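Structure, as structure tokens:
Numbering starts at 1 and runs along the sequence shown. These numbers were taken from a predicted model, which means no experiment stands behind them. Note that ligands are numbered from 1 as they come in the structure, with each ligand's atoms numbered from 1 the same way.
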Amino acid sequence: MNKIPVGVLGATGMVGQNYIALLNDHPWFEVRFVAASPRSAGKKYKEAVDGRWQLARAYTPSVGELVVADANDVSQARAAAKAGSCAFVFSALEMGKDEIRALEDSYAAAGIPVISNASAHRWTDDVPVLISEVNPHHADIIPAQRKKRGWDKGFIAVKPNCSIQSYTTPVYALIRAGYEIKRLIVTTMQAVSGAGYPGPASIDMIDNVVPYIGGEEEKSEQEPLKILGAIEGGAFVNAAFPKISAHCNRVPVIDGHTACVSLEFGDRKPSIEEVKRIWADFKSLPQELNLPMAPKQPIIIREENNRPQPRKDRDADKAMAVSVGRIRPCNIFDLRFVGLSHNTVRGAAGGGILNAELLKSKGYIS
Ligand code: NAP
């Protein structure tokens, strides 16, 4: 099969490098276009990341030879699309929100679908925020989005904040099994790679925990409600529940966001055994479609009383699975657990690639 040529915007950054590495031997997609800031533009990719490549996996020699485009200049991507080397782009740009929103709109208007990691469009009412196992049906707003904006081939789909899959996927599995969840308190312990390269200063992080990440608590509290919400009249309407209260902390871990969760059910309350059964059996559309990036088991239960841990569990099932443990009753709410997922893979590039696979399977990317 001829692979679909893809572009990566922000290809030199933390998330962009993960896209490049994960797409090395992807069965459907091949990186043929890379773009970043004017600082990197005009250099070969291997020169632009020289001394700042962060991953154990290398990029392929052919990607190393690609000349980095200026992501602000959509005409370069348009030319690449015309030449057959950019059917859609993954966006991993770190810029001002308004700039990213305008830029992603320009790519979509130029007929280039955008699958984004940036938060800029997460609250746009016709843009789906996809966790492929949770709300794959939200992709079906794309025809309405295209119609409203006058786009023919282009569209924008985004993925949520990097920490929320560690609790939103287990919460969704319980809701899908028929259990209402009223309230939820989550305390996250988030890795430094979540702040991009070079991240927080080492002197702030070594021997320390920082109990503040700008904007993160709002995202952790509100994004799950859009993901659990519905499409009404071509726009998203948030779910009313669960009410979420989040405490977000930056901790001296390289990769892997951990979430300690307490939740309260509605009138029907499952037993601990039932919760474990629901999570162990949970499968969704990506597993049914056998998508290449999909974890075989989206939620992995750790029975040891000291797991999950970032170093031991973040790479579970291609770093795409959510690991949960310490599943036990809560003295104030009903249930407590610890969830963990890899922030730059499941929470960023891997999640974006899985979304692209889903969108291709649904016929939105060709
Ligand atoms: P990063 O390491 O700082 O990388 C930023 C990228 O954006 C680089 O390629 C950079 O190019 C490019 N860029 C910066 N300024 C630009 C400009 N003015 N014009 C064009 N390109 C510009 O950031 P990151 O952690 O990879 O994050 C990328 C995006 O993903 C952000 O929106 C972030 O919020 C989101 N995200 C991150 C994570 C995570 O775990 N890190 C998870 C989920 C979502 P140069 O190299 O040329 O400067």
Could you pull out, from [options], the option with a heavy atom nearest to [atom]?
atom                    : options                        : value
atom 31 (C) of ligand 1 : Leu103, Asp73, Leu93           : Leu93
atom 42 (C) of ligand 1 : Cys162, Ala195, Pro198, Gly194 : Cys162
atom 19 (N) of ligand 1 : Val34, Val158, Asn72           : Asn72
atom 34 (O) of ligand 1 : Lys159, Gln190, Glu94          : Glu94

Query raised in the report: Can we call the ring centroids of Tyr167 and Phe337 under 6.0 Å apart?
Result: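 Ring-ring flag for Tyr167/Phe337: false, centres at least 6.0 Å apart.
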Under a 4.0 angstrom heavy-atom cut-off, which atoms of ligand 1 come close to [X]?
X      : result
Ala36  : 9 (O), 11 (O), 20 (C), 21 (N), 47 (O)
Gly347 : 42 (C), 43 (C)
Ser40  : 45 (P), 46 (O), 47 (O)
Ser193 : 39 (C), 40 (O), 41 (N)
Val15  : 24 (P), 25 (O), 26 (O), 27 (O), 30 (O), 37 (C), 38 (C), 39 (C), 41 (N)
Ala348 : 42 (C), 43 (C)
Ala92  : 6 (C), 7 (O), 28 (C), 29 (C)
Arg52  : 46 (O)

Query raised in the report: Does the ring of Trp28 carry Lys360 above it, NZ/CZ under 6.0 angstrom from centre and within 45° of its axis?
Result: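 The answer is yes, since Lys360 meets both limits relative to Trp28.
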Just checking, any donor-acceptor pair under 3.5 angstrom between side chains of [X] and [Y]?
X      : Y      : answer
Glu357 : His26  : yes
Tyr172 : Asn135 : no
Gln165 : Ser341 : no

Under 3.5 Å between some N or O of ligand 1 and some N or O of [X]?
X      : result
Asp70  : no
Gly10  : yes
Ile100 : no
Ala118 : no

Among all protein non-hydrogen atoms, which one is nearest to [atom], and what is the separation to 0.1 Å?
atom                    : answer
atom 22 (C) of ligand 1 : Ser37 CB, 3.4 Å
atom 10 (C) of ligand 1 : Thr12 OG1, 3.9 Å
atom 17 (C) of ligand 1 : Met95 CG, 3.6 Å
atom 44 (C) of ligand 1 : Asn117 O, 3.4 Å
atom 40 (O) of ligand 1 : Asn343 ND2, 3.2 Å
atom 48 (O) of ligand 1 : Arg39 NH2, 2.8 Å
atom 25 (O) of ligand 1 : Gly196 CA, 2.9 Å
atom 4 (O) of ligand 1  : Gly13 CA, 3.2 Å

Query raised in the report: So, does Asp70 use its side chain to make a donor-acceptor pair with the main chain of Asn72 at under 3.5 Å?
Result: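 Yes, because the side chain of Asp70 sits within donor-acceptor range (under 3.5 Å) of the backbone of Asn72.
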**Report entry** Donor-acceptor contact below 3.5 Å, side chain Ser284 vs main chain Pro286
**Finding:**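 A pair under 3.5 Å: no.
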Query raised in the report: Does Lys182 come within less than 4.0 Å of Asp334, counting only side-chain N to carboxylate O?
Result: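 No, this pair does not count.
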Query - NZ/NE/NH1/NH2 to OD/OE distance under 4.0 Å, Arg346 and Glu133 - result: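 Yes.
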Report task. Of the side chain and backbone of Met14, name the one, both, or neither that has a heavy atom under 4.0 Å from an atom of ligand 1. Result ->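 For Met14, backbone and side-chain atoms both sit under 4.0 Å from ligand 1.
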Query raised in the report: More than 12 heavy atoms of other residues, nucleotides or ligands under 6.0 Å from CG of Asn306: is that the case?
Result: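 Above 12, so yes.
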Query raised in the report: What heavy-atom pair brings Arg78 and Ala110 nearest, and what distance separates the two atoms?
Result: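 So the two residues come closest at NE-CB, 3.8 Å.
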**Report entry** Phe241 to Leu228 - nearest heavy-atom pair and separation
**Finding:**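 That closest heavy-atom pairing would be O-CD1, 4.4 Å.
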Report task. Drop me the distance from His342's NE2 to Asp317's CG, to the nearest 0.5 angstrom. Result ->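 Going from NE2 on His342 over to CG on Asp317, the span is 13.0 Å.
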**Report entry** Sequence neighbours excluded, every pair satisfying side-chain hydrogen bond (donor to acceptor under 3.5 Å, both in side chains) that has a member inside residues 186-202
**Finding:**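 Those involving residues 186-202 are Thr188-Gln190, Gln190-Glu216, Ser193-Asp255, Ser193-Asn343.
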Query raised in the report: For Ile231, what are the other residues in its hydrophobic cluster, where any two members join if their side-chain heavy atoms are less than 4.5 angstrom apart?
Result: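 Ile231 shares its hydrophobic cluster with Ile141, Phe236.
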